[in-house]
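For reference, the structure discussed in these notes is given below.
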Amino acid sequence: MNNQILISIDHGNKNMKILGENGENVCFSSGYVESSVEPISVDNLLCYCNKYYSIGNSRFSVIFDKSTNEKFFILSLAGIASVLNHYQIKNANVMLTVGLPIVSFGNLKKKFQQYFVRDNVQFSFNGQDYKISIKNCFVFPQGYSAFLTVFKDFKDVQVVCCDIGGYTADIFTVNKGGKLDVGSATSINKGVITFFRDIQQELLKQDIRISEEQIEETLKENAPIVFDEKIINLIQQKAEQYIEDLLDEIREMGYETKINPMLFIGGGAMLLRKFIEKSNKVGYVEFLDQYANCRGYQLLARKALSMKEGE
């Protein structure tokens, strides 16, 4: 257990995003199918405490406090194994960095940290056996951590940040000099899952059942060739309306989005980038991808570790 590795995880309600200390990354759906017997398919199969978990085959319903059960710990094991496999390491001391929304950070930080710290965790993933100890877990604020990776580009202005997640969109202001305005932070139930459900309900009226993955592929302009043009147009129209409604709500809450630069964070923002950019409700906008929070967690963890070493 001499190997020590820093791994960052962004525990989204839609997707798990994992980043190794040298930039190795993996993303999969935040869910699994559990079985007491080994399933036929061993792809992305995790075995832990004598149970089998087919990772990423489905998405859990929204969970606000992810430390209330073992679901997100089990998902984290799959992410950790994916990074360790890249280094061909089977035994390791893991230093974990994770995050929480700003609005719940103070209340849940200690609980979320304690949820992960464990010794001698044994499991297998994709046929490989692993033994890890999570010796330490740093917890940082989501969104703001991502902002800090580009702080130097915005240090002289006030910035409105919007982290579009699976179920929520988290909005906050960073003042000149990079100081987070904690009082400005809010979370609204307008993540991409709500947008996907709107499309699915609309198409159900036509007896058409469409998956979240199919909606995403259509927005990435990879729609299946069997899709009728009307379906593609509906998805595009709903996406545009979703962004306009989101921006209206942000502005109604008092955020100035036309004058102040806006920083959009996460996979949801990247997916809907073209609709954000063409809106007349925003001025200057920039985007950070789905691993931005993980990069921020690593940045802050390394800073904390260097300060500790200097004491």
Side-chain angles (χ1 to χ4, degrees), residues 1 3-20 24-100 104 108-139 165-167 193 211-213 267 290 294 297:
M1 297 286 287
N3 296 310
Q4 180 166 291
I5 187 167
L6 177 67
I7 298 177
S8 300
I9 304 181
D10 186 352
H11 298 84
N13 276 304
K14 188 177 187 306
N15 289 318
M16 294 280 292
K17 287 81 66 178
I18 300 93
L19 190 69
E24 306 79 16
N25 59 69
V26 63
C27 176
F28 51 83
S29 295
S30 297
Y32 55 69
V33 176
E34 180 181 338
S35 175
S36 58
V37 296
E38 186 172 353
I40 296 173
S41 175
V42 295
D43 289 342
N44 296 319
L45 182 66
L46 181 122
C47 182
Y48 174 62
C49 292
N50 299 315
K51 289 188 178 180
Y52 297 91
Y53 304 90
S54 296
I55 301 295
N57 283 355
S58 60
R59 174 179 60 75
F60 296 138
S61 298
V62 174
I63 302 174
F64 290 100
D65 181 356
K66 297 179 175 70
S67 63
T68 55
N69 55 50
E70 288 287 85
K71 288 181 177 179
F72 276 87
F73 182 77
I74 290 166
L75 290 172
S76 298
L77 291 180
I80 291 169
S82 297
V83 173
L84 295 182
N85 183 63
H86 179 86
Y87 296 116
Q88 297 185 329
I89 295 172
K90 300 298 181 287
N91 296 339
N93 290 323
V94 175
M95 188 172 296
L96 205 60
T97 67
V98 301
L100 287 168
S104 58
L108 295 179
K109 176 184 176 181
K110 186 174 182 180
K111 184 180 179 184
F112 207 42
Q113 181 184 43
Q114 293 173 341
Y115 173 74
F116 288 108
V117 176
R118 311 186 191 194
D119 278 326
N120 299 320
V121 179
Q122 298 183 54
F123 64 100
S124 68
F125 186 62
N126 283 335
Q128 299 290 326
D129 293 329
Y130 296 92
K131 183 178 179 181
I132 67 169
S133 287
I134 302 175
K135 294 295 187 179
N136 199 356
C137 178
F138 292 95
V139 185
Y167 192 69
I193 292 172
S211 69
E212 292 181 357
E213 290 73 22
Q290 61 189 340
C294 288
Y297 302 158

Measuring only between side-chain heavy atoms, which start at C-beta, is Asn57 closer than 4.5 Å to Ile55? no
On the ring face of Phe60, is Lys71 found with NZ or CZ under 6.0 Å from the centre and within 45° of the axis? yes
Count the heavy atoms of every other residue, nucleotide or ligand shown that sit under 6.0 Å from CD of Gln88, and state whether that count exceeds 12. no
Find out whether Ile5 and Leu84 are in side-chain contact, i.e. whether some heavy atom of one side chain is under 4.5 Å from a heavy atom of the other. yes
Tell me whether the NZ or CZ atom of Arg118 lies within the 45° cone about the ring axis of Phe73 and under 6.0 Å from its centre. yes
So, Tyr115 versus Phe72, ring centres under 6.0 angstrom or not? no
State whether a side-chain donor-acceptor pair under 3.5 Å links Ser76 with His11. yes
Quick one, Val33 and Ser58 - any side-chain contact, counting heavy atoms below 4.5 Å? yes
Does the side chain of Thr97 come within less than 4.5 Å of Leu6's, by heavy atoms? yes
For Glu24 and Tyr87, which I'm curious about, is there any donor-acceptor pair between the side chains at under 3.5 Å? yes
Strictly by salt bridge (Lys or Arg N to Asp or Glu O under 4.0 Å), give each pair with a member in residues 120-129 just once, sequence neighbours left out. none
Could you give all pairs that pass the salt bridge (Lys or Arg N to Asp or Glu O under 4.0 Å) test and reach residues 29-50, with sequence neighbours left out? Glu34-Lys51
Any non-hydrogen side-chain atom of Met95 less than 4.5 Å from a side-chain atom of Gln4? yes
Result of checking Ile134, Ile80, Ile132 against Val121 for side-chain contact (heavy atoms from CB on, under 4.5 Å): Ile132
Would you check, one step at a time, whether the test side chain to side chain contact (heavy atoms under 4.5 Å, CB included) holds for Ser67 with Phe112? CA-CA 6 Å; Ser67 63; Phe112 207 42; 4.1 Å; yes
Taking C-beta and beyond as the side chain, do Val98 and Phe116 meet within less than 4.5 Å on heavy atoms? yes
Hey, which of Phe125, Tyr48, Phe123 is the one that makes ring-ring contact (aromatic ring centres under 6.0 Å, His included) with Tyr130? Phe123
Heavy-atom side-chain proximity of Pro39 to Leu45 below 4.5 angstrom: yes
Check the pair Ser124, Leu46 against side chain to side chain contact (heavy atoms under 4.5 Å, CB included), reporting the backbone distance first and the verdict last. CA-CA 6 Å; Ser124 68; Leu46 181 122; over 6 Å; no
Mind checking whether Lys66 and Asn13 have side chains closer than 4.5 Å, heavy atoms only? yes
